[in-house]
Amino acid sequence: MSDPADFTIAEAARALRSGETTAAALLKAVRRRVTMTEADLHAYLTIDAEGAEASAAAADEAFARGEDRGSLQGIPIALKDNMVTRGVETTASSQILAGWIPPYDASVVTKLRDAGAVIIGKTNLDEFAMGSSTENSAYGTSRNPWDPERVPGGSSGGSAAAVAVGSALAALGSDTGGSIRQPASLCGVVGMKPTYGLVSRYGLIAFASSLDQIGPITRSVDDALAVLETIAGHDPEDATSFRGELPDFGSQVDRGVDGLRIGVVSELLGEGTEPAVADAFGAMLERLEGAGAEIRELSLPSTAYALSAYYLIAPAECSANLARFDGVRYGLRVDGGETVEDMMGATRAAGFGPEVTRRILLGTYALSAGYYDAFYGQAQKVRTLVIEDFKQAYQQADVLVTPTSPTTAFTVGERTDDPLAMYLSDICTIPSNLSGDPGISVPIGVDDAGLPIGFQVLAPALAEPVMFRVAKAVEGLAGFDARPTLANSEGAA
Amino acid sequence: MTWEAVIGIETHVELRTHSKMFCGCPVGFGGEPNTRVCPTCLGLPGALPVPNEKAIEWTMRLGLALDCEIAEHSLFHRKNYFYADMPKNYQISQFDLPLCADGHLDVTTETGERRVGITRVHLEEDTGKSTHLGEGGRIGSSGGALIDFNRAGIPLMEAVTEPDIRTPEEARVYAQELRAIVLALGVSDARLEEGSMRFDANVSLRPAGVVELGVKVEVKNMNSMRSLQRALAHEIERQTEILDGGGAIAQETRHWDEEAGRTEAGRSKEESSDYRYFSEPDLVPLSVGDEEVGKLRAGLPELPAQTRARFEAAGVDATGARVLVTSGLGTLFDEAVAAGAAATEAAKWLTGEVTAYLNREDTDPAGLQIDGTALAELVSMVEAGDLSSTAAKHVLEGVLAGEGEPRRVAEARDLIQIRDEGALSEAVAAVVAAHPDEMARIAGGDGKLIGFLVGKVMQATGGKADPRRVSELIREAAAS
Amino acid sequence: MPIDIDIAKVARLARLGLSDDELAAYGSQLEDILEHAARVQALPTEGVEPTAHPLPMVNAHRSDEVEPTLDREEVLAQAPDHVDGFFRVPAFLEDE
Ligand SMILES: [Mg+2]
Ligand SMILES: [Zn+2]
């Protein structure tokens with residue numbers, strides 16, 4: 001019998017309902033996997049043992065009463081540590097929030113609890129979600145489960161690594177410029193960024209408010225669908241939350257790609273793309289064509305400028321979003337001298353790591369008098385052009401596809417001294433954050449070193465149904481069933 | 001050189017909505033510190049703002065009352081600066097697309113009428129409140145500061161004028177008129193002493209006849225209408241002295257020190273502020289249609305200027321009408337008139353004795369123990385000759401002190417006028433008999449002494465005689 | 001386009017009490033990044049409206065209703081310093 005820690009949500013949900021397992025047993029299996037892998041992986045910052053056990057017990061009682069709140073009841077799920085949990089330390093991987101015990105729950109946390117999910121703990125990330133490797137965490141780098149010498153990607157690296165090894169059946173991440181999709185790609189799991197506004201941001205510690213979106217990291221496309229169905233929906237606490245009727249996300253999922261028009265964005269297959277990635281991507285295109293899809297090469301010229309625009313817009317927003325960390329009401333305080341101004345300056349200088357400091361400075365500059373129009377203002381116009389390019393493209397294609405990341409997982413330390421090289425990791429994912437459209441990464445294979453390669457499917461706003469449809473087809477065509485070294489070797493031991 | 005003062009005023013008004021601007025915490029004054037707070041108004045990580053529709057509506061109402069254009073499209077912006085009592089270290093405010101713009105307010109002073117342009121009326125959130133401890137004054141003391149965030153996030157309307165005001169008196173009248181409008185709209189209690197209405201003024205001088213503006217100084221911390229006028233008068237004097245002495249004005253912020261009676265330079269940053277405004281990404285734009293604006297306009301209450309015109313039409317003089325409106329006694333006036341009082345009489349009492357009482361007691365009309373019916377009764381008792389005007393003042397005193405209705409007070413205090421001719425004649429006769437010399441001089445044509453004898457009769461009757469009738473009776477006695 | 005940054009001023013605006021060495025290091029990194037980011041200026045954007053937000057939404061308001069507040073003790077337990085129900089901070093140097 002296979003280890004329940006390796007179940008997909010769908011498999012676990014069946015096992016829970018057939019009596020084959022219980023939420024408590026499932027949690028135990030997952031906790032065992034955590035114990036086995038955590039020393040190498042460092043996916044978690046906090047494990048909420050007590051809370052998780054109570055939730056698992058509550059789920060089992062609910063099953064015993066015949067009460068069924070849906071597919072996440074009793075499922076062990078991990079949360080990226082930038083989602084606020086009442087009574088459980090939340091740090092966003094920053095020194096400035098060390099020891100912070102929030103007095104409230106994020107709306108997604110409430111939704112997961114209401115659905116009977118079991119929240120195991122909080123996963124590692126790049127500080128305040130700024131980064132592409134989790135190397136910017138103040139609490140140590142998470143490792144790639146396929147090769148601990150390498151990064152898991154980021155910023156939701158802990159979430160992706162945990163799901164990949166079975167330290168959680170699913171996890172929530174947040175995606176501002178690719179922070180769900182890129183680590184999912186590097187860890188060989190499915191990562192999905194919903195349409196902006198579909199999932200409430202209330203209680204998500206903001207990085208860049210107009211770009212941030214919470215989404216699922218799972219081991220299958222169906223699981224991503226199940227998690228999204230639980231966490232999506234209007235939230236009166238979030239003014240940017242979508243108010244209309246939600247699409248039926250799974251309505252087309254099993255229909256295949258026959259007759260669909262799939263666009264390939266030429267600008268996003270540039271020279272930075274590793275041959276193994278390009279090959280796997282090309283091979284998948286052929287299979288999709290074989291499955292009846294029409295492949296069209298499209299040009300989105302503004303996307304070449306998306307990265308630059310992103311690195312003005314996101315820091316600008318973050319410079320304001322992170323102003324509240326000042327040593328007055330919560331978190332770290334460092335006395336820097338006589339006055340409150342000294343205290344704030346010293347607290348912020350000591351509490352923020354280098355990448356966060358860099359982006360705050362960058363954003364402050366881009367918004368400051370005399371530079372606003374040339375930088376921030378111009379970036380907002382480029383954003384308009386990117387959106388228009390996407391609109392044009394979606395008249396010619398139902399979905400767009402790209403490699404999720406131009407490279408597979410890189411080694412720890414490889415890009416830390418070169419912020420620009422690190423920023424290039426997100427070149428394929430950033431444009432859809434600027435446009436607010438959904439995207440998903442599905443694993444399609446491994447390179448020569450055995451490192452996973454991700455395939456990204458992008459769709460217009462609220463077109464999740466067709467996005468899931470293509471993603472599910474890709475998943476089937478890829479037949480990706482490799483397991484990360486960490487899960488395998490340790491699991492066998 | 002003759003200098004002309006150029007003054008612009010920024011007014012902040014806290015709205016008395018039930019809940020705060022961007023969260024559901026209750027709005028109130030005072031109370032236990034940090035008890036009216038939630039993740040949003042405390043600026044906790046992850047919390048988000050959601051705008052209060054009532055505050056938006058009320059701001060548009062003020063805009064309409066000031067003849068502003070209501071923007072079809074407006075935005076909230078973040079105004080970025082660090083201040084320990086500001087939870088997010090940015091204030092959600094409005095920048096280049098405010099809710100209301102291009103209005104005006106006419107103010108009348110002794111020197112005439114002036115149209116003060118209203119640049120904009122926008123909506124923002126209030127900050128928390130800090131109390132500075134220890135010696136060393138309000139800022140920079142060694143004892144540190146205590147912060148209460150109950151006030152943080154209360155909706156704050158800001159009305160900004162064009163630099164159209166020329167004298168401290170005009171500034172005060174503008175401020176009073178704006179306050180009267182806010183009260184008429186019922187959107188704030190507009191208490192200066194509690195800070196729910198606050199004024200900042202920009203003051204510069206220029207040579208008379210010159211168009212170009214001089215260097216402006218921002219004056220803050222004026223906690224009453226009187227201190228607004230005094231502070232501006234002082235600041236104009238200060239700048240005049242500097243300019244006359246050949247000096248230059250420094251662009252700065254100065255605080256009015258009420259006790260010292262002067263403005264003092266603030267401690268400010270070494271470089272001018274750079275607020276790095278950008279549109280608030282946690283909020284979506286506001287969009288207002290013509291239909292909604294029409295509805296709001298139709299729903300406006302009678303505004304102070306209209307009320308004054310109506311009072312004047314009823315016979316109240318211009319000064320009286322203005323006092324009634326600015327002191328907030330208009331409603332009481334209307335009630336008294338509705339209960340049968342003559343408008344001029346009701347106005348006389350309200351602008352005289354009642355206003356004096358309000359000033360003396362430092363209270364506002366809401367705290368008065370008199371209603372329109374009682375005031376009308378008082379007026380009618382005087383008219384009927386039941387009360388002398390002196391006695392009536394005593395009765396009003398009793399009514400305001402909570403002793404009951406005018407007639408009850410008059411009876412309890414034994415102030416009802418003697419209307420029995422026999423009793424009156426007796427009292428007069430006694431005084432006449434006791435003052436034969438004075439009577440002889442009156443008979444000889446010395447009319448000035450009549451008043452003296454009337455006084456004696458009033459004294460003897462405990463003020464209950466009708467002095468007019470007494471004077472007639474004394475004349476008759478002298479003539480016989 | 002050469003980028004010229006008064007990094008000390010930017011750090012003051014951002015309330016970051018950085019040392020001179022740190023300022024110099026960040027200053028040069030920022031120049032590199034901004035040189036790349038300045039590419040946005042190469043794209044012709046005449047007549048293009050800026051996008052602040054991906055959502056075509058307006059008027060997301062709430063009604064004026066009171067909701068529960070936080071428990072003060074739970075809030076103050078997280079404060080670096082508090083006394084008598086207030087947050088306590090060092091003295092202010094600057095005016096509002
Ligand atoms: Mg203001
Ligand atoms: Zn609140």
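As the structure is a prediction and not an experimental result, all values here were calculated from the model. Reckoned from all heavy atoms, side chains included, excluding hydrogens, waters and symmetry mates. First the proteins, then the strands, lettered A, B, ... as listed; each starts at 1.
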>> Nearest 0.5 angstrom please: B:Leu283 CG to C:Met57 CE, how far?
In response: 10.0 Å
> Heavy atoms under 4.5 Å from chain B: which residues of residues 66-83 of chain C carry them?
Replying inline: C:Val66, C:Glu67, C:Thr69, C:Leu70, C:Arg72, C:Val75, C:Val83
> Roughly how far, to the nearest 0.5 Å, is the CZ atom of C:Phe86 from the CD1 atom of B:Ile147?
Replying inline: 10.5 Å
> Is there side-chain contact between B:Lys54 and C:Ser63, with heavy atoms separated by less than 4.5 Å?
Replying inline: no
> Can you check side chain to side chain contact (heavy atoms under 4.5 Å, CB included) on B:Leu146 and C:Phe87, steps first, answer last?
Replying inline: CA-CA 6 Å; B:Leu146 302 181; C:Phe87 293 88; over 6 Å; no
> What residues form a side chain to side chain donor-acceptor pair (under 3.5 Å) with B:Asp282, not counting sequence neighbours?
Replying inline: A:Arg201, A:Ser209, B:Arg78
> So what's closer than 4.5 Å to chain C heavy atoms on B:Phe149: side chain, backbone, both or neither?
Replying inline: side chain
> So which of B:Asn89, B:Leu44, B:Leu42 has the biggest tally of heavy-atom pairs under 4.5 Å with chain C?
Replying inline: B:Leu42
> Sequence neighbours excluded, which residues qualify as side chain to side chain donor-acceptor pair (under 3.5 Å) partners of B:Trp58?
Replying inline: none
> Under the side chain to side chain contact (heavy atoms under 4.5 Å, CB included) criterion, do C:Arg62 and B:Asn52 qualify, and how do the steps go?
Replying inline: CA-CA 5 Å; C:Arg62 43 175 276 274; B:Asn52 183 334; 3.5 Å; yes
> Does CG in B:Asp96 sit with more than 12 non-hydrogen atoms of other residues, nucleotides or ligands closer than 6.0 Å?
Replying inline: yes
> Looking at B:Cys25, B:Pro39, B:Ser279, which one has more heavy-atom pairs under 4.5 Å with chain C than the rest?
Replying inline: B:Pro39
> To the nearest 0.5 Å, what is the distance between NE2 (C:His61) and CD (B:Glu57)?
Replying inline: 11.0 Å
> Taking everything shown except B:Glu194 itself, do over 12 heavy atoms lie less than 6.0 Å from its CD?
Replying inline: yes
> Is it the case that more than 12 heavy atoms not belonging to C:Glu31 sit under 6.0 Å from its CD atom?
Replying inline: yes
>> How close do C:Phe92 and B:Ala145 get, counting heavy atoms only, and between which atoms?
In response: CE1-CB, 3.4 Å
> Which members of residues 11-20 of chain B, sorted by number, sit under 4.5 angstrom from chain C on a heavy-atom basis?
Replying inline: B:Thr17, B:His18, B:Ser19, B:Lys20
> Looking at CG of C:Leu13 and OH of B:Tyr81, how far apart are the two atoms once the value is rounded to the nearest 0.5 Å?
Replying inline: 14.0 Å
> Under a 4.5 Å heavy-atom cut-off, does chain C meet the side chain of B:Cys23, its backbone, both or neither?
Replying inline: backbone
> Looking at B:Arg36, B:Glu32, B:Glu280, which makes the most heavy-atom pairs under 4.5 Å with chain C?
Replying inline: B:Glu32
